[in-house]
Amino acid sequence: MARPRVPAAPDPAAARLGPLLTRRFFARSVHAVAPELIGATLLFEGVGGVIVEVEAYHHTDPAAHSYGGQTPRNAVMFGPPGFAYVYRSYGIHWCVNVVCEAEGSASAVLIRALEPTHGVDAMRARRGLDDARLLCSGPGKLTHALGITIAANGLPLDLAPFAIHRRRAEPDIVTGPRIGITKAADYPWRFGLRGSKFLSKPFPR
DNA sequence: GTCATGATGATCT
DNA sequence: GATCATCATGACA
């Protein structure tokens, strides 16, 4: 069925930002940080939205980039928490992670989808799309929409151009298996905002 | 709606 | 040479 293409209006409630998340927030287990990022607002140069989908990658996890040890690509994951780890995916896209836990623990949360709330016109221009549901509904899409590239690799998340604001209310969170991986594909380390129209894929029910 | 496929480059064997 | 933490497109139902 061809649904009429109606761009979703930004949720006015989502625009009420909580305080900035500081490095201390990220200095905890990825399994604690990942679900708490759902509902937070990620901005890059003032453009972004509400985080509606993330995945946790722990250094003991065969699917994590850090699993095989430190390399030039994943070096930021081995550094202190509260910094951005950006890598190229499939030779084409950029993906952004937030480094968690402690220096050397090499654990991170992949930001997979946003509900666009800030700078939506800029995102539409970069992506060449109107439908807000498609602007940031995937890890490669959201970096394109926000203008995040390898230049952001290693930048602190609590200073410009990044800002992540704490959520105001406790969201209804769904969990499920992660997307697009072959190793450890059964770990339920994908977290999402239940019922969101801005997910990269629906959660299995 | 589902499914298959090509693009494209760093990393690793 | 194979493997990717992906996306857009086009065939088909």
Side-chain angles (χ1 to χ4, degrees), chain A residues 1-7 26 29-31 33-35 37-38 42 44 49 51-79 81 83-101 105-114 116 123-154 157 174-192 197-205:
Chain A
M1 178 174 76
R3 301 182 62 150
R5 195 175 61 173
V6 181
F26 300 101
S29 157
V30 273
H31 305 303
V33 173
L37 285 172
I38 300 298
L42 168 66
F44 185 76
I51 299 171
V52 297
E53 180 183 340
V54 300
E55 285 176 356
Y57 287 89
H58 191 255
H59 67 288
T60 57
D61 163 10
H65 285 177
S66 55
Y67 182 69
Q70 185 171 342
T71 67
R73 176 177 72 156
N74 66 21
V76 174
M77 281 187 81
F78 287 80
F83 288 78
Y85 164 48
V86 181
Y87 70 93
R88 204 190 268 285
S89 172
Y90 290 89
I92 304 170
H93 312 288
W94 300 109
C95 294
V96 63
N97 292 252
V98 302
V99 177
C100 295
E101 301 196 359
S105 103
S107 301
V109 177
L110 171 67
I111 309 298
R112 286 195 55 91
L114 307 178
M123 291 191 256
R124 286 196 168 111
R126 288 187 182 123
R127 296 268 294 125
L129 289 170
D130 284 338
D131 191 339
R133 289 170 301 186
L134 302 181
L135 290 176
C136 298
S137 57
K141 297 178 188 180
L142 76 89
T143 53
H144 185 195
L146 271 59
I148 295 174
T149 69
I150 192 64
N153 189 42
L157 297 164
V174 220
T175 66
R178 295 172 293 181
I179 303 282
I181 58 173
T182 53
K183 292 167 262 186
D186 55 324
Y187 295 12
W189 290 351
R190 179 182 179 223
F191 302 89
K197 301 178 182 66
F198 301 89
L199 300 174
S200 66
K201 286 177 65 174
F203 278 75
R205 39 179 304 145

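In what follows, every chain begins at residue 1, and chains take the letters A, B, ... in the order their sequences are listed.
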Looking only at heavy atoms, which two atoms of H59(A) and Y67(A) are closest? And how far apart? O-CD1, 3.6 Å
For A152(A) against F44(A), the heavy-atom pair lying closest together: CB-CE1, 4.0 Å
Rounded to whole Å, please give me the gap between OH in Y67(A) and P in dC4(C). 14 Å
Rounded to whole angstrom units, what separation is found between the OH atom of Y57(A) and the P atom of dC4(C)? 12 Å
I'd like a table of donor-acceptor pairs (distance under 3.5 Å, sequence neighbours excluded) in which one partner is a side-chain atom from residues 85-98 of chain A, with atom names and distances.
residue: Y85(A); atom: OH; partner: H65(A); partner atom: ND1; Å: 2.8
residue: R88(A); atom: NH1; partner: I92(A); partner atom: O; Å: 3.2
residue: N97(A); atom: ND2; partner: Y85(A); partner atom: O; Å: 3.4

Under a 3.5 Å distance rule, please check whether R178(A) uses its side chain to pair with a backbone N or O of A184(A) as donor and acceptor. yes
Could you check D130(A), D131(A), L134(A) and say which one makes a side-chain contact (heavy atoms from CB on, under 4.5 Å) with R124(A)? D130(A)
Please, what dot-bracket string fits DNA chain C when only Watson-Crick and G-U pairs with both distances under 3.5 Å count, crossing ones use [ ] and pairs to another strand use |? ||||.|||||||.
Nearest listed nucleotide, side chain of T71(A), among dT6(C), dC12(B), dA5(C): dC12(B)
Picking from dA5(C), dT8(B), dT6(C), the nucleotide nearest the side-chain atoms of M77(A) would be dA5(C)
Whole-Å distance separating the CH2 atom of W189(A) from the C1' atom of dA5(C): 14 Å
Any side-chain donor near an acceptor of the partner, T60(A) and H58(A), under 3.5 Å: yes
Let me know the distance between OH of Y87(A) and C1' of dT3(C), rounded to the nearest Å. 13 Å
Counting only side-chain nitrogens and oxygens, does R88(A) get under 4.0 Å of the OP1 or OP2 atom of dC4(C)? no
To the nearest angstrom, the NE2-P distance between H58(A) and dA5(C) comes to 18 Å
Does K183(A) have a side-chain nitrogen or oxygen under 4.0 Å from the phosphate oxygens OP1 or OP2 of dA5(C)? no
Looking at dT3(C), I'd like to know if its phosphate oxygens (OP1 or OP2) sit under 4.0 Å from a side-chain N or O belonging to T182(A). no
Tell me the closest heavy-atom pair linking S107(A) and E101(A), and the distance in Å. OG-OE1, 3.5 Å
Distance (rounded to the nearest 0.5 Å) between R127(A) CZ and C136(A) SG: 7.5 Å
At 4.0 Å (heavy atoms only), tell me whether H144(A) reaches a base, stays on the sugar-phosphate, or touches nothing. nothing
For the side chain of Y90(A) and the base of dA5(C), is some donor closer than 3.5 Å to an acceptor across the two? no
At under 4.0 Å, does any side-chain N or O of H93(A) touch on OP1 or OP2 of dC7(C)? no
Give the rounded distance in Å between these two atoms: CG of L129(A) and P of dC7(C). 12 Å
Rounded to whole Å, please give me the gap between NE2 in H59(A) and C1' in dA5(C). 18 Å
Roughly how many Å apart are dC3(B) and dA5(C), using the P atom of each and rounding to a whole number? 22 Å
For a quick test of reading the model: is some side-chain N or O of R112(A) closer than 4.0 Å to OP1 or OP2 of dT6(C)? yes
Pick base, sugar-phosphate or nothing for I181(A), based on heavy-atom distances below 4.0 Å to the nucleic acid. sugar-phosphate
What is the nucleic acid contact for R73(A), judged by heavy atoms within less than 4.0 Å: base, sugar-phosphate only, or nothing? sugar-phosphate
Atom pair distance, as rounded to whole Å: CG in N74(A) and P in dC12(B): 7 Å
Taking any heavy-atom pair under 4.0 Å as a contact, classify R127(A): base, sugar-phosphate, or nothing. sugar-phosphate
